[in-house]
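Reminder, nothing fancy here: chain letters follow the sequence lines and each chain counts from 1.
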2 protein chains.
Amino acid sequence: MIVVTSVNVNGIRAAAKKGFIEWLAATEADVICLQEVRSEPEQLPVELRDLDGWHTVWAPAATKGRAGVAVLSRQEPSRTTVGFESAEFDNSGRYVEIDLPGLTVASLYLPSGEVGTERQEEKERFMAEFLVHLRKLRTRAAADGREVVVCGDWNIAHRPEDLKNWKANQKAAGFLPEERAWLSRVYDEAGYVDVVRRLHPDRTGPYSWWSYRGRAFDNDSGWRIDLIVTTPDLASTCIEARVERADSHAERWSDHAPVTAEFAFGDN
Amino acid sequence: MIVVTSVNVNGIRAAAKKGFIEWLAATEADVICLQEVRSEPEQLPVELRDLDGWHTVWAPAATKGRAGVAVLSRQEPSRTTVGFESAEFDNSGRYVEIDLPGLTVASLYLPSGEVGTERQEEKERFMAEFLVHLRKLRTRAAADGREVVVCGDWNIAHRPEDLKNWKANQKAAGFLPEERAWLSRVYDEAGYVDVVRRLHPDRTGPYSWWSYRGRAFDNDSGWRIDLIVTTPDLASTCIEARVERADSHAERWSDHAPVTAEFAFGDN
DNA sequence: CTTAGTAGG
DNA sequence: CCTAATAAG
């Protein structure tokens, strides 16, 4: 059994002041993939340095205060790789990969994009390069007899069920036809599986991000853009997948909620 | 009788959230000179627009969020002048003057300066130009039979009694020998009077600014840099002068405290 | 330490 | 609306 969580913390230093530390102390996850850490390792608050019981790999962006991904694991990784052999993106705090026994885990923070700007073109370049990487990753893993799980903020909602207001967002970054088609290729051509959708094929959401603007969270006007995407054999061992939406009992310490999947993996 | 207050609000929008509005509602001042407003008039919170019972003149800096002075008066000014005919400084939100019957009131925010930087040179240029203005102002006022009061954050402590730690600050901006000498010229050559010091010749302080860093406020480790400076005849009518240091009963809504002087001016 | 602007989200 | 870097104080 392995429990994997993905969460965009929207600034780990701010999150730490609002409840992330307590959430971390209580989680039963074995591996946690973080996005938008927005901190150099040296800038982390003491409570997040030398985390007891966790092995950590931090992959900050070259630009201070931007992006940044990390993976926390209870087991020590046998290998750690920052980036995906991309000249443009390896230094941008958007991808880090670790190897655990029989399993490769990656934390991904795909650019957000903004229609009509250079940042949308950057997103598209990232998507093109990253799809190549996903294919290679799967081929390599198959050759090694390994499974793969890519956790992250993909910044794309795949289908109308994945966001509250799909009609109004057809020309918005994150739900553009070309972005949705790209995600289809991740599934249909590269052969990956979105495990939350696999276990909950018919429901709307569950959303994992709600804008801080307006009453988006209270109205559950969200998007499902934080995805746990795995190789098919691993997906078939997924026995639970959920979004940990904050409620009156749990503080909201990010505009995203943790997404968690449990796999009967390595069990006898 | 006229009551005049000078206070550096350190961002009127932040101050408004912390108690400035309540202070303003309770004050008995007739004229209030503000410095470091740091807001365009259009950006002011509603509570500070069309202030009931006050005439207001706002002189923001050309650069948003920087400097900015204002004068609030219960009587309507007969004349309002932004700047002091300085090509360099008239647009920098550092000086505004109003005329009331028999009295010119000015709000001044002298540059803070920082030793060894261009900003110290800017401060020195300001001082040179402003001293010329002070002389003209006094000459003009004398010809018109008017008194003058220049309220503001002068960003200079005159003597050892005017700051907690004068020995350690002899090479610090705000207590440099040339700055202190300049203030002496304002008094001795241009003929103005610092009314708080006139009424309290022997005491240390009263300080009007305490850094937000460390425990400066709790230790009363402050500076007396907010001054009410007047023509001699007006000074001789000053019957009270004080600093309104925040205590357990009053919120601290700025790193500066209001300085208030009461003049038996216009009384029969 | 605090303010406000700014870029990114 | 929120985070963090930055400049100024």
Side-chain angles (χ1 to χ4, degrees), chain A residues 8-18 20 35-40 43-45 60-68 92-94 109-115 117-120 122-123 153 155 172-174 209-218 221 223 225-226 252-256, chain B residues 8-18 20 35-40 43-45 60-68 92-94 109-115 117-120 122-123 153 155 172-174 209-218 221 223 225-226 252-256:
Chain A
N8 177 317
V9 294
N10 191 28
I12 199 168
R13 285 172 285 174
K17 293 177 188 164
K18 297 195 283 185
F20 173 73
Q35 300 90 37
E36 275 207 272
V37 170
R38 299 179 70 169
S39 176
E40 311 278 319
Q43 297 175 299
L44 291 170
T63 309
K64 281 180 70 174
R66 295 282 166 75
S92 67
R94 296 197 175 269
Y109 177 43
L110 203 144
S112 170
E114 188 179 1
V115 171
T117 74
E118 154 61 23
R119 300 216 323 287
Q120 188 64 24
E122 184 191 330
K123 182 176 190 175
D153 179 354
N155 266 317
W209 173 76
W210 304 262
S211 169
Y212 272 130
R213 299 171 222 190
R215 306 216 188 320
F217 186 75
D218 295 338
S221 180
W223 294 52
I225 55 178
D226 299 279
R252 189 181 178 209
W253 38 262
S254 171
D255 49 350
H256 296 249
Chain B
N8 177 318
V9 294
N10 190 29
I12 200 166
R13 284 171 288 173
K17 293 177 186 163
K18 297 195 286 185
F20 173 74
Q35 302 88 38
E36 275 206 272
V37 170
R38 300 178 69 171
S39 176
E40 311 277 321
Q43 297 175 299
L44 291 170
T63 309
K64 279 180 71 175
R66 295 281 165 75
S92 67
R94 295 196 175 270
Y109 177 43
L110 204 141
S112 170
E114 187 180 2
V115 171
T117 74
E118 155 62 23
R119 301 217 322 287
Q120 188 64 26
E122 183 190 330
K123 182 176 189 174
D153 178 355
N155 265 316
W209 173 75
W210 305 263
S211 170
Y212 273 130
R213 299 170 221 193
R215 308 214 186 321
F217 187 75
D218 296 338
S221 180
W223 295 51
I225 56 179
D226 299 279
R252 188 179 178 212
W253 38 262
S254 170
D255 49 350
H256 296 250

- Item | Which residues share a side chain to side chain contact (heavy atoms under 4.5 Å, CB included) with B:Glu40, sequence neighbours left out |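 Residues passing side chain to side chain contact (heavy atoms under 4.5 Å, CB included) with B:Glu40: B:Glu42, B:Gln43, B:Lys64.
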- Message: Going by the rule side chain to side chain contact (heavy atoms under 4.5 Å, CB included), which residues pair with B:Ala172 if we only count those two or more places apart in sequence or in a different chain?
- Response: B:Asn169
Check the distance between [N]'s [atom2] and [X]'s [atom1] and give it to me in whole angstrom.
X	N	atom1	atom2	result
A:Leu110	C:dG8	CG	P	17 Å
A:Asn155	C:dG8	CG	P	15 Å
A:Trp210	D:dC2	CH2	C1'	16 Å
A:Arg213	D:dT3	CZ	C1'	12 Å
A:Arg252	D:dC1	CZ	C1'	10 Å
B:Tyr109	C:dT3	OH	P	14 Å
B:Lys123	D:dG9	NZ	P	10 Å
A:Gln35	D:dA4	CD	P	16 Å

I want to verify a distance call: between [options], whose nearest atom is closest to the [X] side chain?
X	options	result
B:Arg66	D:dA7, D:dC2, C:dG8	D:dA7
B:Arg13	D:dG9, C:dG9, C:dA4	C:dA4
B:Ala14	C:dA4, D:dA4, D:dC1	C:dA4
A:Ser112	C:dG9, C:dA4, D:dT6	C:dG9

- Item | Along DNA chain D (nearest heavy atom to each residue), the more 5'-positioned of B:Gly113 and A:Tyr212 | A:Tyr212
For [X], which contact category applies under a 4.0 Å heavy-atom criterion: base, sugar-phosphate, or nothing?
X	answer
A:Glu114	nothing
A:Gln43	sugar-phosphate
B:Phe217	nothing

- Query: Parallel, tilted or perpendicular: which fits the ring planes of A:Trp223 and A:Trp209, with parallel below 30° and perpendicular above 60°?
  - Reply: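 It falls in the perpendicular class, over 60°.
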So, is [X] close to the [N] phosphate, meaning a side-chain N or O under 4.0 Å from OP1 or OP2?
X	N	answer
B:Arg119	D:dA7	no
A:Lys18	D:dT3	yes
A:Lys17	D:dT3	no

- Task: Kindly write out the residues that satisfy ring pair (Phe, Tyr, Trp, His ring centres under 6.0 Å) with B:Trp210, not counting sequence neighbours, or none if the list is empty.
- Result: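 Once residues adjacent in sequence are excluded, the partners of B:Trp210 under the ring pair (Phe, Tyr, Trp, His ring centres under 6.0 Å) criterion are B:Phe217.
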- Query: In chain order, what residues pass the ring pair (Phe, Tyr, Trp, His ring centres under 6.0 Å) check against B:Tyr109, with sequence neighbours excluded?
  - Reply: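 If we apply the ring pair (Phe, Tyr, Trp, His ring centres under 6.0 Å) test to B:Tyr109, skipping adjacent residues, there are no hits.
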- Task: Heavy atoms only: give me the nearest A:Ser39-A:Pro60 pair and the separation to one decimal.
- Result: O-CB, 3.9 Å
- Task: For A:Ser254 and A:Asn10, work out which heavy atoms get closest and say how close.
- Result: OG-CB, 3.7 Å
- Item | Watson-Crick and G-U pairing of DNA chain C, under 3.5 Å, as dot-bracket with | and [ ] | ||||.||||
- Item | Residues forming a salt bridge (charged side-chain N to carboxylate O under 4.0 Å, His left out) with A:Arg119, sequence neighbours excluded |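 Counting only residues at least two positions away or on another chain, A:Arg119 forms a salt bridge (charged side-chain N to carboxylate O under 4.0 Å, His left out) with A:Glu114.
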